[in-house]
Number of protein chains: 2
Amino acid sequence: MILRGEVLPGERLNELALSRRLSISRSTLREAVRGLQQGGLLEIIPNRGVLVRQVSVKDALDLYDLRAALFRGAARLAARRALPEYKIRLKHLNDRMTEAAAAGRFTDYYAYNLEFHATVLTAGGNAPMALAYDQAVKGLHLFRRRSLVHPAQLDLSLREHESLLTAIAAHDVAAAGEVAERHIMLGRDRMLDTLDGSIPA
Amino acid sequence: MILRGEVLPGERLNELALSRRLSISRSTLREAVRGLQQGGLLEIIPNRGVLVRQVSVKDALDLYDLRAALFRGAARLAARRALPEYKIRLKHLNDRMTEAAAAGRFTDYYAYNLEFHATVLTAGGNAPMALAYDQAVKGLHLFRRRSLVHPAQLDLSLREHESLLTAIAAHDVAAAGEVAERHIMLGRDRMLDTLDGSIPA
DNA sequence: TCAGCAAAGATTGTCGACAATTCGGGAATG
DNA sequence: CATTCCCGAATTGTCGACAATCTTTGCTGA
């Protein structure tokens, strides 16, 4: 519900109402809520209730830095192992993204993009790292309901993916790490650019 | 209790007994447990109960890789900002560690070491990154009750800290990142070495 | 008109009980 | 003697209720 935007950041959750809506008891709901808090999606203020986490610009920038560090690490691991199945899968996903971009299907592009990144994490074979990355991405989701995709930047992004999968396939640990890190940081810059045109929160 | 070793990895927690021991109700305990699960300290098997997480050698190696990626990221951020207060603090902590090492007070050394690393994370000014790092360290705690400190390796570790704080103080982002990453990975190697002498789990 | 206070209402924190599921042991069978 | 089935005990999952706390509303007085 949070990631789908059915409850908005900053909104306060009424436990009784929500438990009724989900047809579960308050105890069960509260258990779930405690888990989500640790995951960073909710903020709990004692005796005041739970809020959907507000992600400020500063928070979002932090999450980008965190993502960059994790993505670099995962890309290095993926390049070290360089398992064939993931090479194929990454190539496949990037092809799909290229198609989607050419056809103007930005929603598909966005979904494939997420999956491409997730696959790099999987290819790294480090579950805790993948989990931390997921949490960061989820936090970023809360920042703005999907930051706009600028068509002019898609080509660049696709080329970055291309370099990354080439480096991984070539067992080039250092290159994979650098490309991966730069890719996220460029995404960070793009986010900042699109933000300049709107209200800085 | 988990970090203090009062409940051992793999052990199954009896909710009723534990709630009585802590003088709280089962509901309250369960809420806390759900939070700890997300933090990675507990594993919950539906209808079978909660177990203290078992950390295998593979898991520990993963956590070291994760720590390395995060520590590198934080060191780079710390070097970028290079706030004077943290330079002083890091210097102070490393001096204390040197003293403790010379006097053979290994428990103190260990505590200062943890604090030194935590301070680097704080100096980076990235809260989500610090949180992820903390979780990884906690997971590592579960691996072996404090991996033995080999006196011969203390000097090396201290010199690494020295290089790190020098690089941070000098605003040298790249050097700080490299030193930080190598420091954790050397710790990983040390862990593997001490492991060879015992039973590989 | 507005600040301060008090009572009423709403919401969260905690609890114990009941239902559902799993675990352990003993009897029956091949 | 080993194996399977079944029953009772133990443990987890879910629930609704009560207590504690906070928020809102209305009143009083300056």
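Just so we're on the same page: letters track the sequence lines, and every chain starts at 1.
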Self-check item: F71(B): partners by ring-ring contact (aromatic ring centres under 6.0 Å, His included), with sequence neighbours left out
Solution: H117(B), Y133(B)
Quiz item: Does F116(A) have any ring-ring contact (aromatic ring centres under 6.0 Å, His included) partners at least two apart in sequence or in another chain, and if so, which?
Solution: H161(A)
Practice problem: With sequence neighbours left out, write down each residue that passes salt bridge (charged side-chain N to carboxylate O under 4.0 Å, His left out) with D189(A), or none if nothing qualifies. | Solution: none
Quiz item: Rounded to whole angstrom units, what separation is found between the CD atom of E43(B) and the P atom of dT12(D)?
Solution: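 Rounded to whole Å, this separation is 15 Å.
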Pairs under 3.5 angstrom only: tabulate donor-acceptor contacts from the side chains of residues 164-173 of chain A to other protein residues two or more places apart or in another chain.
| residue | atom | partner | partner atom | Å |
| --- | --- | --- | --- | --- |
| T166(A) | OG1 | E162(A) | O | 2.8 |
| H171(A) | ND1 | A79(A) | O | 3.2 |
| H171(A) | ND1 | R80(A) | O | 3.4 |
| D172(A) | OD1 | A175(A) | N | 3.1 |

Quiz item: Can you give one letter per nucleotide of nucleotides 11-20 of chain C, 5' to 3': B if a protein heavy atom sits under 4.0 Å from the base, S if only from the sugar-phosphate, - if neither?
Solution: SBBBBBB---
Self-check item: Results of side-chain contact (heavy atoms from CB on, under 4.5 Å) for R20(B) - residues two or more places apart only
Solution: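 Partners of R20(B) under the side-chain contact (heavy atoms from CB on, under 4.5 Å) test: L16(B).
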